[in-house]
S.K.: 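Dropping the structure in here first, questions after.
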There are 2 protein chains.
Amino acid sequence: MSRQNVPDETIRRMPMYLRALLVCPAERKIVSSGELAEHLGLNAPQVRKDLSYFGAFGTPGVGYEVGALVERIRTIMGIQQAPRVALVGAGKLGRALVFFEGFKMYGFEIAAVFDKSQRKIGRKVGKLTVEPVSAIGCLGQRDIRMAILAVPADASQKAAEALAEAGVTGILNMTFCRLRLPAQVKVATIDAAMELGILPYYMNNPG
Amino acid sequence: MSRQNVPDETIRRMPMYLRALLVCPAERKIVSSGELAEHLGLNAPQVRKDLSYFGAFGTPGVGYEVGALVERIRTIMGIQQAPRVALVGAGKLGRALVFFEGFKMYGFEIAAVFDKSQRKIGRKVGKLTVEPVSAIGCLGQRDIRMAILAVPADASQKAAEALAEAGVTGILNMTFCRLRLPAQVKVATIDAAMELGILPYYMNNPG
DNA sequence: ACCTGTGAAGAGTTTCACAGCC
DNA sequence: GGCTGTGAAACTCTTCACAGGT
């Protein structure tokens with residue numbers, strides 16, 4: 001099954017499956033597509049179809065083995081070996097993200113924190129020490145290929161370019177700016193205000 | 001044009017259009033679909049199609065009037081009169097969100113902060129004073145119909161139910177738990193770790 | 001009896017091409 | 001010349017039905 005024709009939406013759901021499996025009680029060895037679907041608010045054929053894009057790793061009449069499926073999904077998603085992530089921006093949001101438990105669950109490790117402000121450089125955030133943004137250039141040597149961008153809007157493009165130049169090819173953009181970067185750099189953007197902005201429409205026009 | 005057949009994806013993009021228009025320099029009175037598209041990384045027919053679902057408010061040969069379009073979108077989205085939003089959870093993430101500038105841009109006002117912990121109740125967060133979660137019940141009388149949920153995972157379902165009972169019908173869920181709520185309550189979920197989890201796939205399988 | 005894997009149908013979304021207007 | 005609004009085509013994604021395995 002070629003990776004080329006896996007729907008993007010399927011890729012988006014893979015981390016959801018992973019999370020659902022990780023919160024399974026340890027004594028549960030087998031899970032069915034229906035149970036996964038129920039837990040995530042999807043339907044069973046959707047789950048089976050999604051997983052089948054990457055091969056057949058369930059047992060008909062039985063279900064999917066939890067441990068094996070976790071490993072398969074980790075491999076598919078390319079997060080077997082705990083990717084190290086840089087955080088740029090040690091403001092309120094950045095510091096909150098360092099302590100966010102969710103990243104660990106998928107095996108991500110926040111391995112460096114950068115900030116522009118002299119006031120923040122040298123300060124501790126959890127176990128990490130805030131480094132100057134000028135040190136971003138060395139990320140390649142430190143085996144860090146991903147970053148979370150949590151800087152003020154007007155600093156985002158510049159910081160993103162520094163990351164791209166340092167060899168970072170995956171950026172989680174928490175600013176509400178579109179980043180213009182070389183095509184090989186993948187960007188995911190989170191804009192809490194935009195998500196909030198969608199709700200009133202559906203509150204006023206119940207579907 | 002009935003609201004019933006406007007694509008969800010179009011609704012998702014409306015706040016993007018709004019933001020793009022709001023960051024326009026004030027001297028710019030007219031904007032074309034091509035310019036909007038370029039600014040947002042979309043294409044021009046997409047922009048025209050999206051806007052046309054709600055009527056024809058551009059001028060052929062000219063473009064869209066910025067001010068008028070902003071008002072139209074605000075009306076369509078139901079955010080003309082600055083919705084008041086409650087924040088539940090005054091932890092690191094919650095406190096960071098209070099200071100997040102993005103909400104203001106769309107006209108949202110964070111009007112109350114709640115927390116369970118005695119240690120936090122009474123403390124100031126910006127101009128707001130943290131209230132006990134038991135006070136959530138009065139939200140209806142305070143004209144607050146939306147909430148942001150930024151509590152620990154194990155407290156999310158309970159807090160969400162309290163919100164729903166208080167008449168909140170739109171929740172931005174920042175926890176990685178699925179909320180089981182009456183159908184009239186609309187939920188948008190943001191899971192930063194999940195977004196981060198998607199990136200390595202595309203880094204390893206460039207599209 | 002129960003569950004997976006999958007081709008095919010159906011629904012939803014994007015892109016295109018162009019008629020019509022400024 | 002330049003831009004909007006829109007039906008139709010193309011594409012993507014979801015749902016369904018069921019063959020086949022345990």
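Atoms considered below: every heavy atom in the structure, side chains included; atoms not considered: hydrogens, waters and symmetry mates. So that the names make sense, note that chain A is the first sequence line, chain B the second, and so on, each numbered from 1.
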S.K.: Between atom CG in B:D50 and atom P in D:dG5, what is the gap in whole Å?
M.R.: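 Going from B:D50 (CG) to D:dG5 (P), I get 12 Å.
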S.K.: When you measure from the side chain of B:K49, which nucleotide among C:dT13, D:dG5, C:dT15 comes out closest?
M.R.: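 Selected nucleotide: C:dT15.
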S.K.: Determine the interplanar angle of the A:F103 and A:F100 rings, folded into 0 to 90°, and report it as parallel if under 30°, tilted if 30 to 60°, perpendicular if over 60°.
M.R.: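 Judged by the thresholds at 30° and 60°, the geometry between A:F103 and A:F100 is perpendicular.
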S.K.: Under 3.5 Å, is there a donor-acceptor pair between the side chain of A:R84 and the main chain of A:R142?
M.R.: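 Side chain of A:R84 to backbone of A:R142, a donor-acceptor pair under 3.5 Å: yes, one is there.
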S.K.: Nearest of C:dC16, D:dC13, C:dT13 to any side-chain atom of A:E9?
M.R.: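 The answer is D:dC13.
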S.K.: If the cut-off is 4.0 Å, is A:N43 near the phosphate of D:dT15, judged by side-chain N/O to OP1 or OP2?
M.R.: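 The answer is yes; a side-chain N or O of A:N43 sits under 4.0 Å from OP1 or OP2.
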S.K.: To the nearest angstrom, how far is A:I30 atom CD1 from C:dT4 atom C1'?
M.R.: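 Interatomic distance, CD1 of A:I30 to C1' of C:dT4: 12 Å.
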S.K.: Of all the nucleotides listed (C:dT4, C:dA8, D:dT6), which has the minimum atom distance to the side chain of A:R48?
M.R.: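 Given the options C:dT4, C:dA8, D:dT6, the side chain of A:R48 is closest to C:dT4.
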S.K.: Could you tell me how far apart B:L69 (CG) and D:dT4 (C1') are, to the nearest whole angstrom?
M.R.: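 So the CG-C1' distance, B:L69 to D:dT4, works out to 13 Å.
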S.K.: Both B:Y64 and A:P7 contact DNA chain D. Taking the nearest nucleotide for each, which residue is further toward the 5' end?
M.R.: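 Its nearest nucleotide being more 5', the pick is B:Y64.
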S.K.: How many Å lie between CZ on A:F57 and P on C:dG5, as a whole number?
M.R.: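 About 8 Å, once rounded to whole Å.
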S.K.: What nucleotide, of D:dT15, D:dG20, C:dG20, holds the atom closest to the side chain of A:P60?
M.R.: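 Nearest listed nucleotide: D:dG20.
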S.K.: Does a side-chain N or O from B:S33 land closer than 4.0 Å to OP1 or OP2 of D:dT4, or not?
M.R.: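 Indeed, a polar side-chain atom of B:S33 lies that close.
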S.K.: Please say whether the positively charged group of B:K186, taken as NZ for Lys or CZ for Arg, lies over the ring of A:Y202, i.e. under 6.0 angstrom from the six-membered ring centre and within 45 degrees of the axis.
M.R.: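 Ring-cation test returns no.
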S.K.: For B:P45, which contact category applies under a 4.0 Å heavy-atom criterion: base, sugar-phosphate, or nothing?
M.R.: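 Base contact.
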S.K.: Report the distance from atom CD1 of B:I73 to atom CD1 of B:I79, rounding to the nearest 0.5 Å.
M.R.: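 If I round to the nearest 0.5 Å, the distance is 9.0 Å.
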S.K.: Is it the case that the side chain of A:E35 and the backbone of A:S32 share a donor-acceptor pair, with hydrogens and angles ignored and the cut-off at 3.5 Å?
M.R.: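 Looks like yes, one N/O pair under 3.5 Å.
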S.K.: So, is A:Q46 near the phosphate of D:dT15, with a side-chain N or O under 4.0 Å from OP1 or OP2?
M.R.: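 For D:dT15, OP1 or OP2 has a side-chain N or O of A:Q46 closer than 4.0 Å.
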S.K.: How many Å lie between CG on A:L51 and P on C:dT6, as a whole number?
M.R.: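 After rounding, the gap between these two atoms is 12 Å.
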S.K.: Tell me which nucleotide among D:dT6, D:dG20, D:dT14 gets nearest to the side chain of B:S52.
M.R.: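 Nucleotide nearest to B:S52's side chain: D:dT6.
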S.K.: Where the side chain of B:Y53 is concerned, which of C:dA17, C:dT14, C:dT4 is the nearest nucleotide?
M.R.: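 Nearest to the side chain of B:Y53 among the choices is C:dT14.
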S.K.: Distance check: side-chain N/O of B:R13 vs OP1/OP2 of C:dT14, anything under 4.0 Å?
M.R.: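 So the side-chain polar atoms of B:R13 do come within 4.0 Å of the phosphate oxygens OP1 or OP2 of C:dT14, strictly under.
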S.K.: Nearest-Å distance, CZ (A:F54) to P (C:dT4)?
M.R.: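 Nearest whole value for this atom pair: 17 Å.
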S.K.: Using whole Å, what does the distance between atom P of nucleotide C:dC3 and atom CG of A:L36 come to?
M.R.: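 So the two atoms are 13 Å apart, to the nearest Å.
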